[in-house]
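In this text, all values refer to a predicted model and were calculated from it rather than measured experimentally.
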Amino acid sequence: VSRHEKLDILINNAGIMATPLTRTTEGWKSQFATNHLRLFLLTNLLADVIKAAGKARIVNLSSAGHWYSTVDLDDPNYQNRDYEALQAYGQSKTANIWFTLELARRWSDHDVTSFAVHPGGIQTELGRNLEPEVAKRFEQLLKDQPDIWKTIPQGAATSCWAATSPDLNGKTGLYLEDCHISESGSGDVLSGGYAPHAYDADGAKQLWKLSNDLLGTEF
């Protein structure tokens, strides 16, 4: 912000996956804090330079893992329920989609568009902190369905498409996969498409308020 007057493209890509139960010093569940609250705060802190760009795009990396869970707005940090690693990951990935929806609603007057992206299954170090039983499930999946996995360039393709393609001009608040606009899925993480809870506009509004409340901000 101190060096540039505008930001044309913001890709929120950093995250963690299905980690054991750990918390930040504030008591927030690490997956929710890292995968959602971090990008909520960063994006809003960059709001002025993003809005100044004119036709800026924001790309939030979500995942087919959003099928595992909606967002529990009453207990996002697992203070009153048992922790389950993939469920918590799914919650954070749904939060990425909901954040995208609410950004689209709030910033459309500033010519800012936002997209949530499922990059696909990619063999990277993202799963290095998986709980042992979860890691075994993914190792078996690699053996059983090797064709579903992408290379790193293939995995980056949808993010690049979301950030630059003229096919998306005039569109916003969408969940994308395999370089196209995703359609409603059939109920399986591996089958493609989005879950019924993905496009919950009311949930997205509530999540924005919850995020402000947790962070002590007024974005």
task = May I have the step-by-step check of side chain to side chain contact (heavy atoms under 4.5 Å, CB included) for Glu84 and Leu86, ending in yes or no?
result = CA-CA 6 Å; Glu84 203 283 315; Leu86 280 177; 3.7 Å; yes
request  = Please report the C-alpha distance between Tyr175 and Glu183 in whole Å, then the side-chain angles of each, then the deciding distance to 0.1 Å, and finally whether the side chain to side chain donor-acceptor pair (under 3.5 Å) criterion is met.
outcome  = CA-CA 8 Å; Tyr175 175 73; Glu183 299 179 354; over 6 Å; no
task = Walk me through it: do Ser69 and Gln87 pass the test side chain to side chain donor-acceptor pair (under 3.5 Å)?
result = CA-CA 5 Å; Ser69 179; Gln87 181 191 67; 4.8 Å; no
inquiry  = Does Tyr68 form a ring pair (Phe, Tyr, Trp, His ring centres under 6.0 Å) with Tyr89? I'd like the steps, not just the answer.
reply    = CA-CA 8 Å; Tyr68 290 123; Tyr89 177 66; 7.3 Å; no
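In summary, Asp178 and Lys150 engage in a salt bridge, as defined by a charged side-chain N under 4.0 Å from a carboxylate O.
Counting all heavy atoms, side chain and backbone alike, Glu218 lies closest to Asn212 at N-OD1, 3.6 Å. Gly27 and Asn77 get closest at one heavy-atom pair: O-CB, 4.1 Å. Listed here is the closest heavy atom pair of Gly185 and Trp67: CA-CZ2, 3.7 Å. Taking every heavy atom of both residues into account, Asn96 and Thr100 meet most closely at O-OG1, 2.8 Å. Taking all atoms of both residues into account, the shortest heavy-atom contact from Gln79 to Asp75 is N-OD1, 2.8 Å. Pairing each heavy atom of Cys160 with each of Thr164, the nearest pair is O-OG1, 2.7 Å.
Residues Leu61 and Ser159 are in side-chain contact: their nearest non-hydrogen atoms beyond the backbone lie under 4.5 Å apart. Looking only at side-chain heavy atoms (C-beta outward), Leu21 and Lys29 come within less than 4.5 Å of each other. Residues Leu103 and Ile58 have side chains in contact (heavy-atom distance under 4.5 Å, counting atoms from C-beta outward). In this structure, the side chains of Ile152 and Ile122 come closer than 4.5 Å at one or more pairs of heavy atoms. Between Ser182 and His118 the shortest side-chain heavy-atom distance does not fall below 4.5 Å. For the pair Arg23 and Trp28, the minimum side-chain heavy-atom distance is 4.5 Å or more. A heavy-atom distance below 4.5 Å is not found between the side chains of Thr158 and Pro119. Put simply, the side chain of Tyr78 does not reach to within 4.5 Å of the side chain of Asp72, judged on heavy atoms.
In this structure, the side chain of Trp208 engages the main chain of Phe219 through a donor-acceptor pair within 3.5 Å. Looking only at distances, a side-chain donor or acceptor of Gln31 sits under 3.5 Å from a matching main-chain atom of Ala18. At least one donor-acceptor pair closer than 3.5 Å links the side chain of Arg57 to the backbone N or O of Ala162. Of the possible donor and acceptor atoms, none in the side chain of Ser92 sits under 3.5 Å from a partner among the backbone N and O of Asn35. Side chain of Ser211 to backbone of Leu37: no donor-acceptor contact under 3.5 angstrom is found. Of the possible polar contacts, one joining the Thr172 side chain to the Ser114 backbone as a donor-acceptor pair under 3.5 Å is found. Ser62 places a side-chain N or O within 3.5 Å of a backbone atom of Lys93 that can act as its donor or acceptor partner. Side-chain N or O atoms of Gln206 include none that pairs as donor or acceptor with a backbone N or O of Leu73 at under 3.5 Å. Side chain of Ser30 to backbone of Thr22: a donor-acceptor contact under 3.5 angstrom is found. Judged by distance alone, with hydrogens and angles left aside, the side-chain atoms of Asp200 form a donor-acceptor pair with the main-chain N or O of Asp202 at under 3.5 Å.
Distance check: Lys55 NZ to His110 NE2 gives 14.0 Å after rounding to the nearest 0.5 Å. Note: Trp98 CH2 to Thr70 OG1 = 3.5 Å, rounded to the nearest 0.5 Å. Atom NZ of Lys171 is separated from atom OG of Ser165 by 9.0 Å, given to the nearest 0.5 angstrom. If you take CG on Leu214 and CG on Leu207, they are separated by 9.0 Å, rounding to the nearest 0.5 Å. Here CD1 of Ile11 is found 10.0 Å from CG of Asn60. Values are rounded to the nearest 0.5 Å. For the atom pair CH2 (Trp161) and CG (Leu176), the distance works out to 5.5 Å, reported to the nearest 0.5 Å.
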What donor-acceptor contacts under 3.5 angstrom involve side-chain atoms of residues 43-52, with partners at least two apart or in another chain?
{"from": "Thr43", "atom 1": "OG1", "to": "Asn12", "atom 2": "ND2", "distance (Å)": "3.0"}
{"from": "Thr43", "atom 1": "OG1", "to": "Leu39", "atom 2": "O", "distance (Å)": "2.7"}
{"from": "Asn44", "atom 1": "ND2", "to": "Phe40", "atom 2": "O", "distance (Å)": "2.8"}

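Applying the salt bridge (charged side-chain N to carboxylate O under 4.0 Å, His left out) criterion to Glu102, with sequence neighbours excluded, gives Arg105, Arg106.
Below 30°, between 30° and 60°, or above 60°: for His66 and His197 the angle between ring planes is above 60°, a perpendicular geometry.
Crowding of Asn169 atom CG: a count of heavy atoms from other residues, nucleotides or ligands under 6.0 Å exceeding 12.
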